[in-house]
Amino acid sequence: MCGIVGIVSNSPVNQDIYDALTVLQHRGQDAAGIVTTEDGRLFLRKENGLVRDVFRTDHMLRLRGNAGVGHVRYPTAGVDSSAEAQPFYVNTPYGICLSHNGNLTNAEQLSEELYRSDRRHLNTDSDTEILLNVFAHEMMQSERLQLSPQDVFTAVRAVHRRCRGGYAATALITGYALVGFRDPNGIRPVVYGKRETPLGTDYMIASESVALDALGFELIDDIRPGEAVVITLDGQIHVQQCADNPQHAPCIFEYVYLSRPDSVIDNVYVYKARLRMGTYLAEKIKREWPDHDIDVVIPIPSTSRTAAVELASQLDVKYREGFIKNRYIGRTFIMPGQQQRAKSVRQKLNPIDLEFADKNVLLVDDSIVRGTTSRQIIEMAREAGARKVYFASASPPVRYPNVYGIDMPSAQELVAHGHSDDEIAGIIGADRLIYQDMDDLTRAVSVGNDRITRYEDSVFTGHYVTADVSPEYLDQLELFRADANREDRRRKDNAVLEIHNDA
């Protein structure tokens with residue numbers, strides 16, 4: 001999960017891109033980058049850290065020009081250092097910068113092809129660099145100095161033929177255009193919009209509509225699966241379908257956790273979808289536990305609030321804010337390393353004892369991934385005086401890894417993998433555990449877009465929408481993602497760095 005943005009304007013874009021990235025900061029807190037263009041030159045700043053820390057006044061002053069792209073990153077496999085911060089750049093052809101959200105499932109094959117067939121060198125392990133070089137290679141096939149939108153569409157069509165997985169990208173072609181494109185399954189979200197100014201029409205491409213809203217842009221549409229948008233630097237917009245057989249299957253976890261509630265993704269309001277999650281969860285409790293003794297419903301801030309409010313209303317039970325969140329601590333789901341995640345939970349949340357004292361509490365969260373956060377929060381509720389602690393998840397059990405851009409842990413690190421609901425309740429220490437049913441989750445996010453006939457729901461079902469995810473691929477992914485192996489790689493990398501510095 002990352003956040004991407006691109007803007008073509010009639011005035012400098014550095015501040016607008018910065019502001020858009022701060023709105024998308026929830027999608028990645030590990031690194032940030034902006035590249036702008038003016039008079040055929042590119043100006044780049046990227047580094048590890050939050051947007052507010054990466055960009056200082058002197059950096060902003062150097063980011064000149066009326067067009068650019070930006071990116072916020074969260075730590076996925078293969079992106080452990082600032083060298084993998086985005087945007088990425090290649091000088092041939094034309095000078096292209098690219099930001100990417102997602103993951104290529106055939107990255108290893110493409111890496112080999114780029115070296116053996118395309119004669120391109122890769123300097124990192126990031127699949128964003130792979131996607132950029134595939135796009136750049138296909139752009140070279142036009143062999144023209146004066147590009148046309150059709151040249152770009154032809155290159156994107158070739159990218160779709162070669163690349164598999166989930167990807168939404170913004171690319172800046174120096175001196176010509178901003179390009180946005182989305183994989184043929186539309187797994188990762190991306191939208192585009194316009195803003196009328198006295199100087200003319202500005203255009204933006206972004207991961208979520210909330211970035212458009214914050215900067216006064218009007219939503220035009222989602223970039224549809226397989227589609228590409230070309231916005232020339234003189235403000236002309238062109239849109240074309242570039243996939244032979246697009247199949248719309250957006251990531252359902254975007255609606256559960258990843259996206260902001262005030263975003264609209266594929267014409268579905270995230271806030272409304274989460275309200276419906278609460279409604280269906282309440283219906284399940286009424287159906288399976290009609291004589292419940294819940295005294296109060298308390299959300300685990302902050303993505304579960306919407307579902308928890310509606311659940312409490314439907315059950316006619318008090319809703320209370322029992323935890324106060326430290327907004328300066330990052331999202332624990334996307335923190336690298338089990339030790340850091342565990343430590344951050346108590347730093348992030350502080351219970352209000354009087355809301356727990358001598359009560360049967362139903363805690364509501366958007367999902368349960370490793371169980372680390374859930375277990376510690378239940379312990380905190382008991383320490384605050386709760387008589388019984390029940391736990392509800394607005395989504396079904398997360399049993400399988402994600403391969404399309406969410407750095408879920410390996411299957412063995414998922415608390416629901418291989419365990420029944422009762423066993424999970426015991427592991428996290430809950431007196432009772434209620435999960436959302438898969439059919440109800442699908443119902444909750446289906447209102448608003450009749451074009452969506454299926455979802456990328458592999459973390460819940462184990463069914464992957466691309467045909468290339470084999471058991472062998474998942475086994476390799478498991479070895480790479482396991483926290484212990486990742487920490488071991490970091491220690492080895494640090495040891496190499498120390499040797500180099502000593503020398």
Side-chain angles (χ1 to χ4, degrees), residues 256-257 274 277-278 281-282 284-285 288-289 292-309 311-312 315 317-326 329-335 337-399 408-409 412-436 483:
V256 171
Y257 173 82
R274 290 178 184 170
M277 291 176 204
L281 202 52
K284 181 175 182 178
I285 292 173
E288 298 184 359
W289 191 15
H292 70 80
D293 58 351
I294 302 167
D295 295 318
V296 61
V297 172
I298 293 177
I300 297 171
S302 57
T303 45
S304 63
R305 279 196 178 109
T306 309
V309 166
L311 186 153
L315 291 180
V317 172
K318 290 180 180 179
Y319 170 89
R320 292 291 184 268
E321 292 283 345
F323 292 102
I324 300 302
K325 182 178 180 180
N326 181 349
I329 299 292
R331 303 176 89 178
T332 52
F333 171 78
I334 61 178
M335 282 186 175
Q338 185 74 0
Q339 186 176 3
Q340 184 179 354
R341 283 188 297 269
K343 181 181 178 182
S344 69
V345 174
R346 289 181 180 267
Q347 293 175 336
K348 182 174 73 169
L349 298 176
N350 190 50
I352 302 174
D353 291 0
L354 62 87
E355 297 297 351
F356 294 90
D358 202 32
K359 296 176 183 176
N360 297 333
V361 179
L362 175 63
L363 300 178
V364 181
D365 207 350
D366 50 74
S367 59
I368 306 172
V369 183
R370 297 171 180 87
T372 306
T373 300
S374 305
R375 183 169 58 250
Q376 289 206 32
I377 289 174
I378 290 170
E379 290 174 359
M380 292 165 66
R382 294 194 190 281
E383 292 168 3
R387 185 167 54 243
K388 291 183 180 179
V389 182
Y390 308 123
F391 204 95
S393 169
S395 64
V398 176
R399 301 189 188 278
M408 288 278 188
Q412 298 304 318
E413 294 176 295
L414 296 170
V415 69
H417 184 76
H419 292 118
S420 68
D421 291 1
D422 288 342
E423 289 172 334
I424 300 166
I427 293 170
I428 66 175
D431 292 299
R432 185 163 186 151
L433 175 62
I434 306 100
Y435 274 113
Q436 186 84 263
D483 272 352

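No experiment lies behind these values; they were computed from the predicted model shown. In what follows, every heavy atom counts, from backbone to side chain, and hydrogens, waters and symmetry copies are set aside.
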Checklist entry - In Å, rounded to the nearest 0.5 Å, how long is the span from CZ of R346 to CD of E379? => result 6.0 Å

Checklist entry - With no hydrogens and no angle check, is any side-chain donor or acceptor of S304 less than 3.5 Å from a backbone partner on V364? => result yes

Item to check | Qualifying residues under side chain to side chain donor-acceptor pair (under 3.5 Å), relative to Y390, sequence neighbours excluded | outcome: D293

Checklist entry - Looking at CD1 of I427 and CG of L433, how far apart are the two atoms once the value is rounded to the nearest 0.5 Å? => result 10.5 Å

Next on the checklist: Working to the nearest 0.5 angstrom, can you tell me the gap between H292 NE2 and I434 CD1?
Outcome noted: 10.0 Å

Next on the checklist: Just so I know, are the side chains of L363 and F356 near enough to count as touching, which here means a heavy-atom distance under 4.5 Å?
Outcome noted: yes

Next on the checklist: Quick one, E321 and R305 - any side-chain contact, counting heavy atoms below 4.5 Å?
Outcome noted: yes

Checklist entry - Between the side chain of D431 and the main-chain N/O of V389, is any donor-acceptor distance below 3.5 Å? => result yes

Item to check | Reported CD-to-CD distance for the pair E383 and Q376, which is rounded to 0.5 angstrom | outcome: 9.5 Å

Next on the checklist: Whether the side chain of D365 engages the backbone of S393 through a donor-acceptor N/O pair (distance < 3.5 Å, no angle test) should be reported.
Outcome noted: no

Checklist entry - Do I285 and L315 touch side chain to side chain, with heavy atoms closer than 4.5 Å? => result yes

Checklist entry - Do M277 and V256 have side chains that get closer than 4.5 Å, going by heavy atoms? => result yes

Item to check | N326 side chain reached by N350 side chain, heavy atoms, under 4.5 Å | outcome: no

Checklist entry - Donor-acceptor pair, R382 side chain versus G429 backbone, under 3.5 Å? => result yes

Next on the checklist: Looking at every heavy atom in both M380 and L349, which two are closest together, and how far apart are they?
Outcome noted: CE-O, 3.1 Å

Item to check | Value rounded to 0.5 Å, distance of CZ in F323 from OG in S302 | outcome: 13.5 Å

Checklist entry - Could you state the interatomic distance from OG1 (T306) to CG (L311), rounded to the nearest 0.5 Å? => result 12.5 Å

Item to check | D295 vs R387, side-chain contact (heavy atoms from CB on, under 4.5 Å): CA-CA, chis, key distance, verdict | outcome: CA-CA 10 Å; D295 295 318; R387 185 167 54 243; 3.4 Å; yes

Checklist entry - Are the side chains of I300 and F391 in touch, meaning some heavy atoms are under 4.5 Å apart? => result yes

Item to check | Side chains of R370 and V415 in contact at under 4.5 Å (non-hydrogen atoms) | outcome: no

Item to check | 4.5 Å side-chain heavy-atom contact, I294 and N360 | outcome: no

Item to check | R399 versus L414, closest heavy-atom pair with distance | outcome: C-CD1, 3.5 Å

Item to check | Side chain Q436, main chain S395, donor-acceptor under 3.5 Å | outcome: no

